[in-house]
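Taking it in order: structure first as structure tokens, then the write-up.
By convention here, the first residue in the shown sequence is residue 1. If you're wondering where the values come from, they're calculated on a predicted model, not measured in any experiment.
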Amino acid sequence: MMHELDIKAVRVYAVGPSVTPPFRFSGKNPDRRMTYTVVRIVTFGGWEGAGGTDSEGVGAFDSALAEELKPLIDRLIGRSVLERNAISRELLGAQKGMVPYGASLIDIALWDLAARAAGVPLYQMLGGGEAVIPAYA
């Protein structure tokens, strides 16, 4: 039996701006293209959460992160958003890449979704919300 906070779908988008020409850090470096990878998680109750990051590809758009996420998606379907800590630990152990970007995007999306379902801003759910923040000079 599915519940309101059980994951129904995970969508991954890899998009890049149509910048002509691609950018370079200097004339000696190859062309680079920015890519934005976004994960959207949807529950059976209609709640949605998103996480995203940018990356750059040399000479082309970078689809590596989106590809890295594909095998992780099946591990999410039917799981509860309330299991986000266990899901994150499991995904970190299952990830094949050297940097845990894929698992991180899913973790961000799960926290975003949980905060939306709870009706509170994410910073409050993570323990923030101080009226005064100490500054150091």
Provide the closest heavy-atom pair for D112 versus A50 in the form atom of the first, atom of the second, distance.
-> OD2-N, 2.8 Å
Which atom pairs, donor and acceptor, lie under 3.5 Å between side-chain atoms of residues 4-17 and protein residues at least two apart or in another chain?
residue : atom : partner : partner atom : Å
E4      : OE2  : W47     : NE1          : 2.7
D6      : OD2  : H3      : N            : 2.9

Any link between V39 and L91 through a network of hydrophobic side chains (Ile, Leu, Val, Met, Phe, Trp, Tyr) touching at under 4.5 Å?
-> yes
Here the gap from L69 atom CG to L76 atom CG, rounded to the nearest 0.5 Å, amounts to 9.5 Å
Using a 4.5 Å cut-off on heavy atoms from C-beta on, say whether the side chain of L92 contacts that of D107.
-> no
Residue set satisfying side chain to side chain donor-acceptor pair (under 3.5 Å) with T35, at least two apart, ordered chain then number -> none
Which heavy atom of R84 sits nearest a heavy atom of M125, and at what distance?
-> NH2-CE, 3.6 Å
Minimum-distance pair of heavy atoms, taken over all atoms of I41 and A109 | CD1-CB, 3.7 Å
Are E90 and R79 close enough that some pair of their side-chain heavy atoms sits under 4.5 Å apart?
-> yes
Are L110 and V120 linked, directly or through other ILVMFWY residues, by side chains that come within less than 4.5 angstrom of each other?
-> no
Would L105 and L65 count as a side chain to side chain contact (heavy atoms under 4.5 Å, CB included) if you check the C-alpha gap in whole Å, the side-chain angles of each, and the deciding distance to 0.1 Å?
-> CA-CA 10 Å; L105 289 183; L65 182 52; 3.6 Å; yes
Quick one: do W111 and Y123 end up in the same hydrophobic cluster if we chain Ile, Leu, Val, Met, Phe, Trp and Tyr together by side-chain heavy atoms under 4.5 Å apart?
-> no
Nearest heavy-atom approach of L122 to A115 is CA-CB, 3.8 Å
What one should report as the nearest heavy-atom pair of G102 and L72 is C-CD1, 4.3 Å
